[in-house]
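Side chains are part of it too, since the values below use all heavy atoms of this structure and drop only hydrogens, waters and symmetry mates.
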Amino acid sequence: RRSRGNPVEAPEAEDVTEFAAWMDEHTAGGAPDALLDSRARAPYAADKPPTKEHLLPLFTAMTAGTAPAHRLHRSTEHAILRMDAYAFGK
């Protein structure tokens, strides 16, 4: 596993940064079709989670929200564990 040996505060891996940037662009841009096909479209997505099950809460929030997404939280641990939180509405 890639996280073995990485301290909690290790710098984010480049592939994680690129994948997260793609996810943020398509989440904030309200592009659910692209997100539904993220395993094929997002950089490095085929090599790692999230699987569709990881994204189901995101799709639920996107369709229930009343406004475009905005990111509330962003953090990375062990160089590869990226955690973002979004709000959909005012």
His78 to Ala10 - nearest heavy-atom pair and separation:
C-CB, 4.4 Å
Distance (rounded to the nearest 0.5 Å) between Asn6 CG and Glu9 CD
10.0 Å
Which atom pairs, one a donor and one an acceptor, fall under 3.5 Å between side chains of residues 55-63 and the rest of the protein, sequence neighbours left out?
residue: Thr60; atom: OG1; partner: Leu56; partner atom: O; Å: 3.1
residue: Thr63; atom: OG1; partner: Phe59; partner atom: O; Å: 3.1
residue: Thr63; atom: OG1; partner: Thr60; partner atom: O; Å: 3.1

Give me the atom names and distance for the closest heavy-atom approach of Gly89 to Ala67.
CA-CB, 3.6 Å
How long is the span from the NE2 atom in His73 to the OH atom in Tyr86, to the nearest 0.5 Å?
11.0 Å
Ignoring hydrogens and angles, write down the donor-acceptor pairs under 3.5 Å from the side chains of residues 14-23, residues two or more places apart or on other chains.
residue: Asp15; atom: OD1; partner: Arg2; partner atom: NH2; Å: 3.1
residue: Asp15; atom: OD2; partner: Arg2; partner atom: NH1; Å: 2.8
residue: Asp15; atom: OD2; partner: Lys48; partner atom: NZ; Å: 3.2
residue: Thr17; atom: OG1; partner: Glu12; partner atom: OE2; Å: 2.5
residue: Thr17; atom: OG1; partner: Ala13; partner atom: O; Å: 3.3

Kindly give the heavy-atom pair with the smallest separation between Gly30 and Pro32, and that separation in Å.
O-CD, 3.0 Å
Results of side-chain contact (heavy atoms from CB on, under 4.5 Å) for Asp37 - residues two or more places apart only:
Ala40, Arg41
With Asp24, which residues qualify under salt bridge (Lys or Arg N to Asp or Glu O under 4.0 Å), at least two apart?
Arg71
The test is side-chain contact (heavy atoms from CB on, under 4.5 Å); show your working for Arg82 and Arg74 and say whether it passes.
CA-CA 7 Å; Arg82 177 67 180 254; Arg74 170 194 188 274; 2.8 Å; yes
Which heavy atom of Ala28 sits nearest a heavy atom of Pro68, and at what distance?
O-CB, 4.1 Å
To the closest 0.5 Å, what do you measure between NE2 (His26) and CG (Leu36)?
12.0 Å
Indicate the atoms forming the closest heavy-atom contact of Pro11 with Ala79, along with that distance.
O-CB, 3.2 Å
In the hydrophobic clustering that connects Ile, Leu, Val, Met, Phe, Trp and Tyr at side-chain heavy-atom distances below 4.5 Å, which members other than Met83 occupy its cluster, ordered by chain and number?
Leu81
